[in-house]
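To keep things clear, I will list the structure first and then write my remarks on it.
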Amino acid sequence: MTTNTILFVLISFLIASGLSYYQYFYKAKIKLKVHLILAFLRFFTVFGVLLLLINPIISRKTFEIVKTPLAIAVDNSSSIVDLKAEATALEAYKKITSNTEIQEKFDVQSYRFDSDFQSSETFDFKGKQTNIDEVAKSVKSINKNVTFPTVLISDGNQTSGNDFVYSFDVNNKVYPIVVGDTTTYLDLKVSQLNVNKYAFHKNKFPVEVFLNYSGTKSISANFSISQGNSVLNTQIVSFSPSKKSVLVSVLLPADKIGLQVFKAAITSKEKEKNTYNNTKNFAVELIDQKTEIVIVTSINHPDIGALKRAIETNVQRKVTIVKPNEIKDLQKYNIAILYQPTADFKSFFEANKIAEINTFIITGTKTDFNFLNQQQSSLAFKMSNQTEDYFANYKSDFNLFALEDIGFEQFPPLQNAFGTVTSSANVYVLLSSKIRNIETNAPLLAYSENQGKRIAFLLGENSWKWRLQSHVETKSYEKYDVFIDKTIQFLASNASKKSLVVNHDGNYNSGDAIEISAQYFNKNYEFDEKARLNITIVNKNTKATKTFDLLKTSTSFKVNLDGLVAGHYNFVVKELNSNTVYNGYFEILDFDIEKQFVNPDLIKLSQLATQTKGQVIFPNKVEALIQSLLENEEYKSVQKAIVKKTPLIDWIWLLILIAISLTSEWFIRKYNGML
């Protein structure tokens with residue numbers, strides 16, 4: 001307490017004492033015992049009330065022993081069972097956690113991990129993926145600014161996430177306990193298969209297959225790709241102790257339309273411990289239509305190359321770049337992208353009155369806006385000769401089609417002429433523009449649909465910077481490219497609006513997250529939050545049927561279908577109020593990534609131990625690890641002083657005692673006839 005507070009307390013003491021003396025002793029007829037009790041009660045009441053008014057801060061110091069954390073993470077994936085190491089893993093875990101000296105020295109933290117990371121002391125070894133990178137991020141986040149050891153009980157076979165060797169904090173030692181038989185067995189494996197999701201009918205599509213070998217002698221093996229009972233390709237491949245991998249490239253014919261499932265397999269006369277990883281199924285959707293897109297431009301600009309790359313990441317799209325006066329046959333294109341149109345584009349607009357193909361108009365500092373006003377009526381431009389930088393403002397109520405915010409508001413500005421832009425009633429704005437932080441209420445990216453003809457507008461140049469910024473933030477161009485693909489998809493169809501839109505992939509691997517999302521729109525094409533959607537799934541082979549409700553999120557309805565067995569499924573999504581339905585299908589391929597391993601990845605775990613200055617531990621050396629942790633002087637407990645300051649007014653008991661004191665004084669005075 002401060003000096004002033006102490007002074008006020010002393011004054012309060014004197015005031016309470018004086019009032020008690022004056023009322024019960026000064027000129028009073030003394031009944032010694034009764035007056036002493038009443039005087040004390042009056043003193044306590046007055047002094048207590050004055051203390052509450054002063055409200056001094058009471059400090060209390062306590063001490064606490066802070067132990068060093070010891071993070072023990074156990075691999076809960078099914079590969080531990082496949083390597084017959086679950087008993088070994090549990091035994092190593094129990095030896096460490098049950099050691100009383102370890103418990104006294106460390107704050108033992110037990111975790112389990114597969115695709116997720118969670119605190120747990122029980123393990124079932126049923127995880128479908130292994131993400132050791134998540135362990136590194138999580139233990140680092142939980143134990144910030146602390147030096148602590150991590151014990152990683154795992155086979156080291158990671159199936160998802162970044163390379164875990166460099167994910168752990170190099171200042172905190174990691175002790176990997178290697179579970180599983182490290183003896184090298186002969187093993188052939190289809191380790192990786194690269195193929196596009198789509199191919200075009202009557203063409204050939206490439207398949208790239210990586211084959212791996214583990215063994216000590218030279219062998220020959222037969223590699224084949226088949227579909228059903230038909231073998232489409234077969235060849236002999238050779239391996240040796242110095243030649244551990246082979247890359248096989250094959251061109252397969254696309255002679256059927258729809259989702260086609262193939263099997264890549266490698267076999268030999270040698271006996272293998274694990275034959276599950278000798279085959280890998282893959283699916284390709286064969287389509288008979290390709291979207292032809294023409295980019296019309298009279299200038300060179302980085303935007304054009306970025307657009308071409310983004311569009312052609314979808315193999316259903318083909319982009320051609322031409323100048324306005326070079327277009328001969330507009331009918332062969334499905335979509336035209338007009339980059340900064342000027343009067344040179346007059347011939348295109350005249351030809352398009354007959355062709356009536358949908359257009360994507362991109363403006364910039366070279367655009368002739370007076371000419372553009374004459375050629376379309378969706379947007380009206382009143383622009384000056386000055387240029388301005390326009391930032392994006394995402395409109396979450398946009399519902400023309402399903403599109404998520406990919407971080408538009410953090411993207412660099414687009415450059416366009418300064419002025420006003422007025423939109424008509426049939427224009428849907430996805431992005432409005434801002435000048436610095438000031439809203440202009442003008443569109444930056446908008447879409448128009450009028451009598452079956454669709455137009456998209458991007459009002460600004462330098463959108464190539466958006467693609468680059470998206471890559472910087474996500475380490476991938478995928479989000480930006482999907483955004484562009486959604487725009488192209490909108491323009492590629494002249495079909496009327498659908499009230500029920502469902503998004504799903506054509507094929508999934510066993511163990512993958514299977515999520516289907518849907519949007520339902522009312523008659524005004526507004527997202528209907530009151531819709532009731534369910535999905536009925538039928539296994540084509542077993543005829544087993546399951547029905548699930550789709551749960552509403554902020555912009556769509558979603559259902560998670562994890563746990564379905566491999567097979568071909570037909571499904572129906574139905575809106576129960578209107579009975580609107582959507583029919584679809586998907587294939588789940590029989591592929592368990594956790595069954596691909598014969599041995600633990602000792603090399604990676606050793607690299608991790610070296611990187612963090614820890615040590616690789618084998619299950620029979622766990623006692624040595626325990627002793628090492630106990631003897632390590634880096635991990636000492638710390639005594640921490642905790643000072644807790646509490647205002648006196650928070651003491652509820654003082655208020656109760658004051659009330660009791662007042663009540664007691666009243667009753668005693670009443671009893672003795674002093675009222």
Side-chain angles (χ1 to χ4, degrees), residues 1-71 100-110 119 121 138-148 172 630 633-675:
M1 289 189 290
T2 63
T3 304
N4 287 341
T5 303
I6 295 172
L7 181 61
F8 286 136
V9 171
L10 289 174
I11 293 172
S12 301
F13 181 85
L14 294 174
I15 292 172
S17 301
L19 287 173
S20 302
Y21 174 79
Y22 179 80
Q23 182 155 1
Y24 291 109
F25 292 101
Y26 182 72
K27 293 184 178 180
K29 201 171 187 178
I30 297 177
K31 293 180 182 178
L32 189 59
K33 288 185 179 180
V34 174
H35 280 230
L36 280 173
I37 294 171
L38 291 173
F40 172 76
L41 292 173
R42 177 54 58 91
F43 166 80
F44 182 82
T45 301
V46 175
F47 186 59
V49 170
L50 291 175
L51 278 180
L52 289 175
L53 291 174
I54 297 169
N55 192 26
I57 305 297
I58 308 300
S59 297
R60 185 177 60 183
K61 182 183 285 189
T62 59
F63 294 92
E64 152 181 298
I65 302 298
V66 180
K67 299 178 183 179
T68 301
L70 172 60
T100 54
E101 292 181 276
I102 288 288
Q103 292 173 357
E104 288 176 7
K105 181 173 182 179
F106 294 97
D107 174 18
V108 179
Q109 302 171 347
S110 295
S119 177
E121 296 180 358
S138 299
V139 296
K140 191 188 301 182
S141 175
I142 293 168
N143 302 301
K144 291 180 179 178
N145 305 318
V146 179
T147 300
F148 66 97
N172 290 320
L630 293 173
E633 293 297 322
E634 292 180 66
Y635 310 127
K636 291 182 177 179
S637 299
V638 177
Q639 188 181 60
K640 185 177 181 182
I642 301 174
V643 178
K644 188 174 182 181
K645 296 183 177 180
T646 308
L648 191 67
I649 201 168
D650 290 343
W651 286 21
I652 189 68
W653 283 108
L654 181 57
L655 292 171
I656 294 171
L657 289 173
I658 290 172
I660 292 172
S661 177
L662 280 170
T663 306
S664 300
E665 183 183 359
W666 186 87
F667 275 111
I668 292 171
R669 287 171 62 87
K670 179 76 172 175
Y671 181 78
N672 288 277
M674 299 172 68
L675 290 180

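Just so it is clear, the model here is predicted, and its values are computed rather than measured.
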Any sub-3.5 Å donor-acceptor pair from [X]'s side-chain atoms to [Y]'s backbone N or O?
X	Y	answer
Asn172	Phe148	yes
Ser661	Leu41	yes
Lys67	Gln103	yes

How long is the straight-line distance from [atom2] of [Y] back to [atom1] of [X], given to the nearest 0.5 Å?
X	Y	atom1	atom2	result
Asp107	Ile65	CG	CD1	13.0 Å
Leu10	Ile15	CG	CD1	11.0 Å
Leu662	Phe667	CG	CZ	12.0 Å
Phe44	Ser20	CZ	OG	12.0 Å
Thr663	Ile658	OG1	CD1	11.5 Å
Leu50	Leu14	CG	CG	11.0 Å

Check whether any side-chain heavy atom of Ile652 lies under 4.5 Å from a side-chain heavy atom of Leu655, and answer yes or no.
-> yes
Please report the closest heavy-atom contact between Thr68 and Thr147, naming both atoms and the distance.
-> CG2-O, 3.4 Å
For the residue pair Lys105 and Leu630, what are the closest heavy atoms and their distance?
-> NZ-O, 2.8 Å
Flag if over 12 foreign heavy atoms under 6.0 Å of CD, Glu634 | yes
In terms of ring plane angle, is the pair Phe43 and Phe40 parallel, tilted or perpendicular, where the classes change at 30° and 60°?
-> tilted
